[in-house]
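We're numbering straight along the sequence, starting at 1. The structure presented is a predicted model; accordingly, all values stated were derived computationally and were not measured.
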Amino acid sequence: SVLFLRACLAVLAMPIYLLSFLGIWEPFCRKIFFPYFLEKLSTIHEKKVEKKKQELFRNLPDFTSSSGELRLLEIGTGCGTNFKYYPPGCKVTCTDVNPHFQEALSRSMSKNQHIHYERFLVAAGEDLHQVSSGSVDAVICTLVLCSVHDVNGTLKEVLRVLRPGGAFYFLEHVAADRSSWKYFWQQVCYPTWKLVFAGCCLTRELWKNLEEAKFSDLKVQHISIPLPGTPIKPHIIGFAVK
């Protein structure tokens, strides 16, 4: 039944599959469609998670370094939806594998002048070689680990760039319980969803990757975000300490 329903969904999305076969969809998606879609989705998603994020980032100042500075690195900054939660005066390095978010990112920066933007790096989460080891106090990653090529490699980079005692903050959609209808529909949507939405994977059990990473302390909570009509309701939220 999963394969049959996948085929039905693929038929509905046949124009996108054809554009992908011709090599047209990926550059169009990266440059135009995905930045537009993510900005719209972020607006809806933020309304659902605002209180959760306020609670999550409340203790960010606790990780200020002995120099008195709080240096943040955000992986997959996208449209900059997290900026409003950062403490005043902190220094932020933004990274994203897609450079075409600049317009939306600039708008977000102009609205959040309480923080200092150090630089923007075009970089994948698995390769942050432009960032020195042990140079940041906290790494932030929201709705990104679903689409990185190597989750474990990204977490290794997070640990490398964090100073000892630094923290990794995350909010990610994840696989539903395998016995649930939610997981069934995630299985159905998986191939087409991944193609349409720039490599986003619906069935990653990211809490397992976090548990296996070499963090000294991990606080993770499973929550459900009400996003009607989407297969990305199950989420995890929390932070881990190096």
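A salt bridge is defined here as a Lys NZ or Arg NE, NH1 or NH2 lying under 4.0 Å from an Asp or Glu carboxylate O, and Glu157 with Arg160 meets this definition. A salt bridge does not link Glu212 with Lys208: none of the charged nitrogens is closer than 4.0 Å to a carboxylate oxygen. Using a cutoff of 4.0 Å between basic side-chain nitrogens and carboxylate oxygens, Glu26 and Lys31 are not scored as salt-bridged.
Minimum interatomic distance between Ile115 and Pro87 (heavy atoms only, all atoms of both residues): CG2-O, 3.4 Å. The two residues Thr81 and Lys84 come nearest to each other via the heavy atoms O-CG, 4.1 Å. Between Asp96 and Gly78, the closest heavy-atom pair is OD2-N, 2.9 Å. Nearest heavy-atom pair, Gly165 versus Val241, reported as atom, atom and distance to 0.1 Å: O-CG1, 3.9 Å. Smallest separation of non-hydrogen atoms from Ala176 and Lys182: CB-CB, 3.6 Å. Here the shortest heavy-atom pairing between Phe120 and Thr95 reads CE1-C, 4.3 Å.
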task: Please report the C-alpha distance between Leu72 and Leu60 in whole Å, then the side-chain angles of each, then the deciding distance to 0.1 Å, and finally whether the side chain to side chain contact (heavy atoms under 4.5 Å, CB included) criterion is met.
output: CA-CA 9 Å; Leu72 308 181; Leu60 257 177; 3.9 Å; yes
Audit row: Asn82, Thr142, side chain to side chain donor-acceptor pair (under 3.5 Å) steps and yes/no: CA-CA 8 Å; Asn82 293 325; Thr142 59; 2.9 Å; yes
- request: For side chain to side chain contact (heavy atoms under 4.5 Å, CB included), just list the numbers for Glu39 and Arg107, CA-CA rounded to whole Å, side-chain angles, deciding distance to a tenth of an Å, and then say yes or no.
  value: CA-CA 11 Å; Glu39 187 173 14; Arg107 286 197 294 269; 2.6 Å; yes
Leu155/Phe168 under side chain to side chain contact (heavy atoms under 4.5 Å, CB included): CA gap, chis, key distance, verdict: CA-CA 9 Å; Leu155 294 178; Phe168 173 55; 3.7 Å; yes
- prompt: When you look at Gln187 and Tyr183, which way does the side chain to side chain donor-acceptor pair (under 3.5 Å) test go after all the steps?
  reply: CA-CA 6 Å; Gln187 289 284 313; Tyr183 186 75; 3.0 Å; yes
- request: Take Val97 and Val148, measure what side chain to side chain contact (heavy atoms under 4.5 Å, CB included) needs, and give me the verdict at the end.
  value: CA-CA 9 Å; Val97 70; Val148 298; over 6 Å; no
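Judged by distance alone, the side chain of Ser147 and the main-chain N or O of Cys200 form no donor-acceptor pair under 3.5 Å. The backbone N or O of Glu69 lies less than 3.5 Å from a partner atom in the side chain of Ser65, making a donor-acceptor pair. Within the 3.5 Å criterion, the main-chain N or O of Asp150 finds a donor-acceptor partner in the side chain of Glu126. In this structure a side-chain-to-backbone donor-acceptor pair under 3.5 Å is present from Thr64 to Pro61. In terms of modelled atom types and a separation under 3.5 Å, the side chain of Asn209 and the main chain of Asn152 share no donor-acceptor contact. Checking side-chain atoms of Ser132 against main-chain N and O of Ser135 turns up no donor-acceptor pair under 3.5 Å. Looking at Gln221, its side chain never comes within 3.5 Å of a backbone N or O of Gly238 through a donor-acceptor pair. A side-chain donor-acceptor contact under 3.5 Å links Arg204 to the backbone of Leu145. Of the possible polar contacts, none joining the Lys242 side chain to the Pro164 backbone as a donor-acceptor pair under 3.5 Å is found. Judged purely by atom type and a 3.5 angstrom limit, Ser108 has no side-chain atom pairing as donor or acceptor with the backbone of Leu105.
With sequence neighbours left out, Phe83 forms a ring-ring contact (aromatic ring centres under 6.0 Å, His included) with Tyr117.
Using modelled atom types, one finds a donor on one side chain and an acceptor on the other under 3.5 Å when comparing Tyr86 with Glu74.
Leu206 contributes atom CG, which lies 11.0 Å from atom CD of Glu211 (distance to the nearest 0.5 angstrom). Interatomic distance, CD1 of Ile140 versus CG of Leu171, reported as 12.0 Å (0.5 Å rounding). For the atom pair CD (Glu50) and CD (Gln54), the distance works out to 5.0 Å, reported to the nearest 0.5 Å. Here CG of Leu195 is found 12.0 Å from OH of Tyr190. Values are rounded to the nearest 0.5 Å. Expressed to the nearest 0.5 Å, how far CZ of Arg71 lies from CG of Leu162 amounts to 10.0 Å. The distance from the CD1 atom of Ile237 to the CD1 atom of Ile223 is 4.5 Å, given to the nearest 0.5 Å.
When the side chains of ILVMFWY residues are joined at heavy-atom separations under 4.5 Å, either directly or via intervening members, Ile232 and Leu9 end up in two distinct hydrophobic clusters. No chain of hydrophobic side-chain contacts below 4.5 Å, direct or via other Ile, Leu, Val, Met, Phe, Trp or Tyr residues, connects Leu143 to Val174. Tracing side-chain contacts under 4.5 Å through hydrophobic residues (I, L, V, M, F, W, Y), one reaches Phe4 starting from Val188; they form part of the same cluster. Hydrophobic clustering (side-chain heavy atoms under 4.5 Å, transitive across Ile, Leu, Val, Met, Phe, Trp, Tyr) keeps Leu227 apart from Trp185. The hydrophobic clustering, which links ILVMFWY residues whose side-chain heavy atoms are closer than 4.5 Å, places Val136 and Leu121 together.
Looking at Lys214 and Leu159, their side chains come closer than 4.5 Å, going by heavy atoms from C-beta outward. In this structure the side chain of Arg163 reaches within 4.5 angstrom of the side chain of Phe63, judged on heavy atoms. Looking at heavy atoms from C-beta onward, Arg178 lies in side-chain contact with Glu205 at the 4.5 angstrom threshold. In this structure the side chain of Ile75 reaches within 4.5 angstrom of the side chain of Val139, judged on heavy atoms. Put simply, the side chain of Cys94 does not reach to within 4.5 Å of the side chain of Glu118, judged on heavy atoms. Contact annotation: the side chain of Leu128 approaches that of Leu73 to within less than 4.5 Å [non-hydrogen atoms, C-beta and beyond]. No side-chain heavy atom of Val144 sits less than 4.5 Å from a side-chain heavy atom of Phe170. Using a 4.5 Å cut-off on side-chain heavy atoms (C-beta onward), Val196 and Phe33 make contact.
Checked against a 6.0 Å centroid threshold, the rings of Phe37 and Phe197 count as neighbours. You'll find the ring centres of Tyr169 and Phe57 inside the 6.0 Å limit. The aromatic ring centroids of Tyr17 and Trp25 lie 6.0 Å or more from each other. Between His173 and His45, the ring centre distance reaches or exceeds 6.0 Å.
Sparse packing is recorded around NE2 of His149, with 12 or fewer heavy atoms of other residues, nucleotides or ligands lying under 6.0 Å away. Atom CD of Gln102 is surrounded by more than 12 heavy atoms from other residues, nucleotides or ligands within 6.0 Å.
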